[in-house]
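Structure first, then comments.
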Amino acid sequence: MDPTLHQKQGINHLKRVLAYAPMVAENGRAQVHLTQEDWFVVADTLFRMHTPKEMLPPEIQEYRLTNENRTIELVTPDLVIEVEMF
């Protein structure tokens, strides 16, 4: 399956979140903010478009919505990353 343009954008945003998160991490957790538009692209990629796990960055072990569906939580081997809108 080839990713759609929307999925490619979501995957690119995820890669950028993963690269940035270690710079703001404290005690194994990081909070990263995206614009509303970028957050929804990531949410669509993860939760609405049924993107195969093989297409996502390999560091992502688990992901879920938290905080009444306002936060995307990514679990990696080193960090738990909370992705929120600003």
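Closest non-hydrogen pair, L18 versus P57, comes out as CD1-CB, 3.4 Å. Scanning both residues, A30 and A21, for their nearest heavy atoms gives CB-O, 3.6 Å.
D78 pairs by the salt bridge (charged side-chain N to carboxylate O under 4.0 Å, His left out) definition with nothing, not counting sequence neighbours. A19 meets the side chain to side chain contact (heavy atoms under 4.5 Å, CB included) test with no other residue; sequence neighbours excluded. The side-chain hydrogen bond (donor to acceptor under 3.5 Å, both in side chains) check on T51 picks up Q7, with sequence neighbours excluded.
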- Message: Set out, in order, the CA-CA distance, both residues' side-chain angles and the distance that settles side chain to side chain contact (heavy atoms under 4.5 Å, CB included) for M49 and T4, then state yes or no.
- Response: CA-CA 9 Å; M49 300 186 79; T4 66; 3.5 Å; yes

- Message: Would T35 and F86 count as a side chain to side chain contact (heavy atoms under 4.5 Å, CB included) here? Give the steps.
- Response: CA-CA 6 Å; T35 65; F86 66 83; 3.8 Å; yes

- Query: Hey, mind stepping through V83 and I81 against side chain to side chain contact (heavy atoms under 4.5 Å, CB included) and telling me if it holds?
  - Reply: CA-CA 6 Å; V83 183; I81 305 166; 4.1 Å; yes

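Looking at heavy atoms from C-beta onward, L74 lies in side-chain contact with L46 at the 4.5 angstrom threshold. Residues L79 and R29 are not in side-chain contact: their nearest non-hydrogen atoms beyond the backbone lie 4.5 Å or more apart. Residues H6 and D44 form a side-chain contact, since some pair of their non-hydrogen atoms from C-beta on lies under 4.5 Å apart.
Contacts classified as salt bridge (Lys or Arg N to Asp or Glu O under 4.0 Å) and involving residues 33-43 (residues at least two apart or in different chains) are not found. Pairs engaging residues 8-35 under the ring pair (Phe, Tyr, Trp, His ring centres under 6.0 Å) rule: none recorded [sequence neighbours left out]. The salt bridge (Lys or Arg N to Asp or Glu O under 4.0 Å) analysis of residues 2-17, with sequence neighbours excluded, yields no pairs.
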Expected list for residues 58-72: side-chain donor-acceptor pairs under 3.5 angstrom, two or more places apart:
{"unit_1": "E62", "atom_1": "OE1", "unit_2": "R64", "atom_2": "NH1", "d": "3.3"}
{"unit_1": "R64", "atom_1": "NE", "unit_2": "E73", "atom_2": "OE1", "d": "2.9"}
{"unit_1": "R64", "atom_1": "NH2", "unit_2": "E73", "atom_2": "OE1", "d": "2.6"}
{"unit_1": "N67", "atom_1": "OD1", "unit_2": "R70", "atom_2": "NH2", "d": "3.0"}
{"unit_1": "N67", "atom_1": "ND2", "unit_2": "T71", "atom_2": "OG1", "d": "3.3"}
{"unit_1": "R70", "atom_1": "NE", "unit_2": "N67", "atom_2": "O", "d": "3.3"}
{"unit_1": "T71", "atom_1": "OG1", "unit_2": "E84", "atom_2": "OE2", "d": "3.1"}

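Linking ILVMFWY side-chain heavy atoms closer than 4.5 Å, directly or via other members, places V24 and M85 in a single hydrophobic cluster. Under the 4.5 Å side-chain heavy-atom criterion for grouping Ile, Leu, Val, Met, Phe, Trp and Tyr, F47 is connected to V17 within one hydrophobic cluster.
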